[in-house]
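The first residue of the sequence shown is numbered 1, and numbering continues consecutively from there. Small disclaimer: the values here were computed from a predicted structure and weren't measured.
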Amino acid sequence: MSLQNASIKLTYFIIGGFDTVKRPVAVGVVMLITYLLAVFASMVNIIFIVSDKQLHKPMYLLICNLAVVDIFYTSSATPTMIGVLLAGVNTISYVECLIQMYVFQVGGTMEMFSLTIMGFDRLIAIICPLQYHSYLTNTRILIFTYILWIVACSFVLFTLVTLAPLPHCYSRLRYTFCDYAAVIRTTCVNPEKYFNQIAIISFFLSFSTFTFICLSYCGILFFVKISSNNDKKKMGSTLVSHLICVICVYCPLVIIVILTRFGVVLTLEERQGLLIGTILGPSLVNPFVYCLRTKEIKIRIFKIFRKVNTLRPELFHGMHF
């Protein structure tokens, strides 16, 4: 009997990626703390930028968008993994699984798009400082951002359309959440063709966005050489912040999706560790990088801490024991 004839009517998946974890509660607690920190830090960035009119500038709108993407991306799969580890809830409905897979892929695509447009923004700011605000207005940045979200949603729809009609022979997922690779392995077809398709798409997205970012860096570095020492420090700080975020997003992605297609063999544990790092790493690093390395946001945070410190003595002075 062929696998196609042995297909089953699937209503839910069993998540089996954490079956070999020796200390699930400890891992779950670490992931929960990391997730809460990542979401909190991104929310702080969003609140600061939205509430302060002085920060309603193109660069800060892009930082705000990146914070939204980080929350969107990390929330696509992390709550499910935490639920498996801490609550033992290792099942997910078929429809929820496909939605999770789609949201996860949109989030990953938007991480790359967001870093690309941020690199372009810094390039224009450094090359054309006097014309920067006339070239990149708030309205244009918002339009660019909306277009990128639409492109990402449309692009990722391809994987959902190709996967949804396929018959399923298994209900157990080998990985820790509804990743495309995990779901395609439950179908009754040879997954190699589909792995190659997703590898080509991922390679195109990652290569094109990474190339654009590298070209932006080349332009910035060229202008750094002919700039004054003061300007060099500012430009260097801009590059370092962006570069940290780029490394966090692209390094695990290149290993998991692209290098594995060219002969790099990963164990199941290594793949899942990299996948979890891909989800939690950028979402945790990005907001802290831009909080600590962006002057205006850092000043705003210090002002809040100063207010809290000045209020403390007054509060204690007013209390009678």
For the pair Tyr170 and Arg185, evaluate side-chain contact (heavy atoms from CB on, under 4.5 Å) and give the outcome as yes or no after the intermediate values.
CA-CA 8 Å; Tyr170 313 99; Arg185 286 184 185 277; over 6 Å; no
Are any non-hydrogen side-chain atoms of Val106 and Phe72 less than 4.5 angstrom apart?
yes
Same cluster or not: are Val161 and Val189 linked, directly or through other Ile, Leu, Val, Met, Phe, Trp or Tyr residues, by side-chain heavy atoms under 4.5 angstrom apart?
yes
Keeping the roles fixed (side chain from Asn286, backbone from Pro282), state whether a donor-acceptor pair exists under 3.5 Å.
yes
Determine whether a donor-acceptor pair (N or O, by modelled atom type, separation under 3.5 Å) exists between the side chain of Tyr35 and the backbone of Val30.
no
Tell me whether Phe222 shares a hydrophobic cluster with Leu215, the cluster being built from Ile, Leu, Val, Met, Phe, Trp, Tyr side chains joined at under 4.5 Å.
no
Leu37 side, atom CG; Ser283 side, atom OG - distance, nearest 0.5 Å:
12.0 Å
Distance-only donor-acceptor pairs under 3.5 Å for side chains of residues 140-158, two or more places apart:
residue, atom, partner, partner atom, Å
Arg140, NH1, Ser134, O, 3.0
Arg140, NH1, Tyr135, O, 2.8
Thr145, OG1, Ile141, O, 2.7
Trp149, NE1, Asn65, OD1, 3.1
Ser154, OG, Ile150, O, 2.8

Going by heavy atoms in the side chains, are Phe113 and Leu205 under 4.5 Å from each other?
yes
Distance-only side-chain donor-acceptor flag, Ser206 / Ser202, under 3.5 Å
no
Looking only at heavy atoms, what is the nearest atom pair of Cys248 and Pro252, with distance?
O-CD, 3.4 Å
Evaluate the side-chain proximity of Arg122 to Met59: yes if any heavy-atom separation is below 4.5 Å, no if none is.
yes
Could you give the distance from CZ (Phe204) to OG1 (Thr209), rounded to the nearest 0.5 Å?
9.5 Å
Measure up the Tyr73 and Phe104 rings against each other and bin them: parallel (under 30°), tilted (30 to 60°), perpendicular (over 60°).
parallel
Would you mind telling me which of Leu275, Val285, Thr34 makes a side-chain contact (heavy atoms from CB on, under 4.5 Å) with Leu280?
Thr34
To the nearest 0.5 Å, atom OH of Tyr250 lies from atom CD of Glu111 at 9.5 Å
Give the minimum heavy-atom separation between Ala181 and Ile184, together with the two atoms involved.
O-CG2, 3.3 Å
Any chance you could measure Ile47, atom CD1, to Phe40, atom CZ, to the nearest 0.5 Å?
8.0 Å
Check this for me: Gln54, atom CD, are more than 12 non-hydrogen atoms of other residues, nucleotides or ligands nearer than 6.0 Å?
no
Thr137 versus Pro58, closest heavy-atom pair with distance:
C-CG, 4.2 Å
Look at the side-chain heavy atoms of Ile, Leu, Val, Met, Phe, Trp and Tyr, link any pair under 4.5 Å apart, and say whether Leu160 and Ile200 land in one connected group.
no
Scan side-chain atoms only and decide if Ser76 and Gln100 contain a donor-acceptor pair under the 3.5 Å cut-off.
no
Just so I know, are the side chains of Ile71 and Ile46 near enough to count as touching, which here means a heavy-atom distance under 4.5 Å?
yes
Do Phe210 and Met112 have side-chain heavy atoms sitting under 4.5 Å apart?
no
Treat each ILVMFWY residue as a node, draw an edge where side-chain heavy atoms are under 4.5 Å apart, and state whether Leu55 and Val50 are in one component.
yes
So Thr74 and Val39, side-chain contact (heavy atoms from CB on, under 4.5 Å) or not? Walk me through it.
CA-CA 8 Å; Thr74 193; Val39 172; 4.3 Å; yes
Taking the side chain as every heavy atom from C-beta outward, state whether Arg172 and Ile15 have any atom pair closer than 4.5 Å.
no
Hey, does the side chain of Asp179 reach the backbone of Met101 with a donor-acceptor pair shorter than 3.5 angstrom?
no
Inter-residue atom distance Thr186.OG1 - Arg174.CZ, 0.5 Å rounding:
12.0 Å
If you take all heavy atoms of Asn138 and His56, which pair is closest and at what distance?
ND2-O, 2.8 Å
Under a 3.5 Å cutoff, is there a donor and acceptor pairing between the side chains of Thr162 and Gln197?
no
Closest non-hydrogen atom pair between Ala38 and Pro287, with its separation:
O-CG, 4.2 Å
Point-to-point distance, once rounded to the nearest 0.5 Å, from CG of Asp121 to CD1 of Ile126:
9.5 Å
State, with a plain yes or no, whether a side-chain heavy atom of Leu173 is found less than 4.5 Å away from one of Cys178.
yes
Would you please test Leu10 and Tyr94 for side-chain contact (heavy atoms from CB on, under 4.5 Å) and show each step?
CA-CA 7 Å; Leu10 205 61; Tyr94 177 76; 4.1 Å; yes
Between Thr187 and Leu163, is there a side-chain heavy-atom distance shorter than 4.5 Å?
yes
Verify side-chain contact (heavy atoms from CB on, under 4.5 Å) between Met81 and Ile279, making sure each step is shown before the conclusion.
CA-CA 11 Å; Met81 293 188 285; Ile279 300 166; 4.0 Å; yes
Taking all non-hydrogen atoms of both residues, which atom of Ala67 and which atom of Asn45 are closest, and how far apart?
CB-CB, 4.3 Å
Is it true that Leu36 and Ile82 fall in one hydrophobic cluster, defined by side-chain heavy atoms closer than 4.5 Å?
yes
Taking the side chain from His168 and the backbone from Lys9, do they hold a donor-acceptor pair closer than 3.5 Å?
no
I'd like to know if the side chain of His242 reaches the main chain of Leu115, judged simply by a donor and an acceptor atom lying under 3.5 Å from each other, with no hydrogens or angles considered.
yes
